[in-house]
Amino acid sequence: MAEDLHDKLSPTTPPRLWVIGDVMLDRYLLGGVERISPEAPVPVLHLERTLDRVGGAANVAQNVAALGGVVALGGAIADDEPGAAVRRLLAQAGVRAAGLVVHASAPTTVKTRALAGVHQLLRIDSEQRAALSAREIDDLLERLHADLPGPDVVLVSDYDKGVVGAALVARLRARFPATPIFVDPKGRDYARYAGVSLITPNEREVHLVTGIEIGDDASLVEATRALQRVVPTADVVVTRGARGMTLVSREGQVLHSPARARRVFDVTGAGDTAIAALAVGRALALDWRDALHAANVAAGIAVGKIGAAPVYRTELLSVLGRDEFSVKLIDRAGLAELRRTASLLGQRLVFTNGCFDLLHVGHLRLLQEARAQGDLLLVAINGDASVRRLKGAGRPIVGEEDRAAMLAGLDAVDFVTIFDEDTPLETIHHSRPDVLVKGGDYRRETIVGAAEVEGWGGRVHVVPLVEGRSTTRMIDGMKPHARPS
């Protein structure tokens with residue numbers, strides 16, 4: 001199943017989606033706390049940096065783009081500094097944003113969070129609810145059509161800030177009678193979603209709409225079927241946090257899909273990621289079981305990041321890979337995201353590289369000491385063609401996929417990547433490690449990337465060799481001895 005799902009999520013023609021809804025800016029004030037204020041019993045945050053990320057419908061759209069979809073976004077912002085930041089970030093994410101209309105009466109919604117390390121101290125919301133007029137809705141839809149005609153799926157992200165209402169949904173249904181319309185809902189008035197194909201509330205929202213207490217799977221299904229009496233055209237996928245997701249279809253199918261989180265740093269935006277992955281999966285004709293599985297995996301990756309950070313298709317495919325070690329395998333496109341995540345969490349990223357053709361005790365000592373130099377260890381291995389150029393015909397003994405899987409199976413190793421060049425310099429530039437580690441057969445001046453790492457404030461660490469242990473010696477020892485004639 002994993003191999004088939006991997007192929008389905010790697011189409012030759014990408015899915016095309018519209019995302020419409022409430023657009024906002026998530027602003028993070030990042031720093032550390034070392035004392036309590038003398039003015040009041042509150043922590044003093046020493047501000048180190050400010051980070052802006054798109055939120056709401058804009059985060060859904062950037063996740064669609066990161067997952068390989070072509071996406072156009074419709075919503076409303078103001079002609080202000082946060083609105084300009086939203087446009088800039090969307091352009092960087094590859095989201096088509098001509099569908100953003102400008103509100104004259106309301107500012108761009110901003111949610112500001114103060115974080116000490118990974119711990120959130122405070123959130124400040126700057127927002128003003130403003131409904132779209134009929135003319136603004138028409139303008140938004142025409143802009144979307146000009147940006148991306150003929151979407152495979154229309155995804156509506158409702159944060160109850162005024163963009164989404166019965167009028168918008170009715171216009172969409174009239175315009176797209178045969179196109180699936182998915183809604184991530186808000187509030188208690190689900191009648192405004194009449195005619196849509198899918199609704200994705202969380203458990204609390206299902207309870208608020210139906211009044212039914214939810215304590216187990218049976219009561220959840222009962223409440224969901226009551227909700228479907230309000231929107232009879234809709235399948236319902238209920239997001240359940242640590243319990244995953246549950247589908248209740250119009251035809252009566254009930255399907256539970258467990259959560260897939262590996263580590264939780266921040267749940268911000270995880271729901272946006274889940275519905276984006278679900279929509280992309282259904283646009284690619286995945287059945288419900290596979291689509292829910294992919295969405296759960298994507299949400300599990302999202303909660304391992306700080307803030308509303310997108311989940312990239314490369315990350316999703318690695319976790320959906322063929323074995324348990326694939327969660328550690330990342331390609332070059334994922335290296336920059338690894339660097340960003342490590343920086344946000346204040347983690348030191350350690351880098352080492354080599355062919356690692358036949359693992360021996362010298363390799364294990366190197367990797368264990370490398371891991372001790374920081375918080376995360378990234379191991380870059382030469383691809384097969386690179387090994388042949390460096391070591392000659394007959395090498396490698398072990399292929400790159402098996403070498404990567406063996407390394408990923410070691411507790412000391414957090415991530416593995418494969419490079420095809422003769423040196424790891426490009427990989428070092430993309431990952432920007434804090435510590436560069438090599439074995440004792442290298443001097444600092446001969447280590448590739450040493451000057452670059454030290455140039456951005458990192459350091460180089462050389463691990464003494466284990467005497468008499470090398471791959472070449474192992475291979476020579478396996479060769480048959482010449483026999484006298």
Please walk me through it: do Leu376 and Phe415 pass side-chain contact (heavy atoms from CB on, under 4.5 Å)? CA-CA 8 Å; Leu376 299 170; Phe415 299 98; 4.2 Å; yes
Working for salt bridge (charged side-chain N to carboxylate O under 4.0 Å, His left out), residues Arg459 and Asp434: CA-CA 7 Å; Arg459 63 182 178 87; Asp434 301 294; over 6 Å; no
Q | side-chain contact (heavy atoms from CB on, under 4.5 Å) assessment of Asp290 paired with Leu9 | A | CA-CA 10 Å; Asp290 282 350; Leu9 288 168; over 6 Å; no
inquiry  = If you apply the rule side-chain contact (heavy atoms from CB on, under 4.5 Å), what do you find for Asn353 with Lys438, and how did you get there?
reply    = CA-CA 7 Å; Asn353 68 278; Lys438 287 296 289 183; 3.5 Å; yes
Output, in order, the C-alpha distance, side-chain angles, deciding distance and verdict of side-chain contact (heavy atoms from CB on, under 4.5 Å) for Glu203 and Val238. CA-CA 6 Å; Glu203 276 190 350; Val238 183; 4.0 Å; yes
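Counting only heavy atoms from C-beta outward, the side chains of Val435 and Phe351 never approach each other to under 4.5 Å. Looking at Leu278 and Leu198, their side chains come closer than 4.5 Å, going by heavy atoms from C-beta outward. The side-chain heavy atoms of Tyr159 and Pro185, taken from C-beta on, include no pair separated by under 4.5 Å. Within the 4.5 Å cutoff, the side chain of Leu121 has heavy atoms near those of the Val33 side chain. A 4.5 Å side-chain heavy-atom check between Leu436 and Ile447 finds at least one atom pair inside the cut-off. Side chains of Thr50 and Leu30 form no contact here, defined as non-hydrogen atoms less than 4.5 Å apart. The closest side-chain heavy-atom distance from Thr109 to Val23 is not below 4.5 Å. Proximity of Glu34 to His46: side-chain heavy atoms (C-beta onward) are nowhere separated by under 4.5 Å.
Comment: Asp152 does not engage Arg16 in a salt bridge, judged by the lack of any side-chain N to carboxylate O separation of less than 4.0 angstrom. With salt bridges taken as basic N to acidic carboxylate O contacts below 4.0 Å, none links Glu426 and Arg432. Electrostatic pairing of Arg332 and Asp420 does not count as a salt bridge here, judged by no charged N lying under 4.0 Å from a carboxylate O. Of the charged side-chain nitrogens involved, none lies within less than 4.0 Å of a carboxylate oxygen, so that Asp26 and Arg53 do not count as a salt-bridged pair. At a threshold of 4.0 Å, the pair Arg371-Asp414 counts as salt-bridged, since one of the basic side-chain nitrogens sits closer than that to a carboxylate oxygen.
Scanning all heavy atoms of the two residues, the minimum distance from Val387 to Cys355 falls at CG2-SG, 3.9 Å. When all heavy atoms are compared, the tightest approach of Phe356 to Leu366 is CZ-CD2, 4.3 Å. Nearest heavy atoms, Val311 versus Ala298: CG2-O, 3.6 Å. Taking every heavy atom of both residues into account, Val463 and Val437 meet most closely at CG2-CG1, 3.6 Å. Scanning all heavy atoms of the two residues, the minimum distance from Val54 to Asn59 falls at O-CB, 3.6 Å. In this structure, Val183 and Ile275 approach most closely via the heavy-atom pair C-CD1, 4.2 Å.
Side-chain N/O atoms of His256 and Thr246 include a donor and acceptor closer than 3.5 Å. Counted by atom type alone, Thr200 and Asp184 present one or more donor-acceptor pairs between their side chains at under 3.5 Å. With hydrogens and angles left out, the side-chain atoms of Asn63 and Tyr312 include no donor and acceptor closer than 3.5 Å. Side-chain atoms of Asp235 and Ser249 include no donor-acceptor pair closer than 3.5 Å.
From Ser10, atom OG reaches atom CG of Leu317 across 4.5 Å, with rounding to the nearest 0.5 Å. Taking CG of Leu349 as the start and OG of Ser431 as the end, the distance is 6.0 Å to the nearest 0.5 Å. Within the model, atoms OH of Tyr28 and NZ of Lys111 stand 10.5 Å from one another, a figure rounded to the nearest 0.5 Å. With values rounded to the nearest 0.5 angstrom, Asp357 atom CG is found 11.5 Å from Glu400 atom CD. The distance from atom NZ of Lys8 to atom CG of Leu286, rounded to the nearest 0.5 Å, is 5.5 Å. Taken to the nearest 0.5 Å, the CG atom of Leu67 stands 10.0 Å off from the CG atom of Leu284.
When atom types are taken as modelled, the side chain of Asp147 and the backbone of Ala98 share a donor-acceptor pair closer than 3.5 angstrom. Side-chain atoms of Ser197 come within 3.5 Å of backbone atoms of Ile181 as a donor-acceptor pair (strictly under, hydrogens ignored). Counting only distance, with no hydrogens or angles, the side chain of Gln62 and the backbone of Ala58 share no donor-acceptor pair below 3.5 Å. Although no hydrogens or angles enter the test, the distance criterion places no donor-acceptor pair under 3.5 Å between the side chain of His430 and the main chain of Thr427. The closest donor-acceptor contact from the side chain of Asn296 to the backbone of Gly244 lies at 3.5 Å or more, if one exists at all.
Around atom CD of Glu401, no more than 12 heavy atoms belonging to other residues, nucleotides or ligands sit under 6.0 Å away. Counting heavy-atom neighbours within 6.0 Å of Gln253 CD, excluding the residue itself, gives a total above 12.
Among pairs with a residue in residues 378-389, those fulfilling side-chain hydrogen bond (donor to acceptor under 3.5 Å, both in side chains) read Asn382-Ser386, Asp384-Arg403, Arg389-Asp422, at least two apart in sequence or across chains.
When the side-chain contact (heavy atoms from CB on, under 4.5 Å) test is applied to His145, the partners found at least two apart in sequence or on another chain are Trp18, Pro149, Arg175.
Partner Val95 forms a side chain to side chain contact (heavy atoms under 4.5 Å, CB included) with one of Val64, Val19, Leu90 and no other, that one being Leu90.
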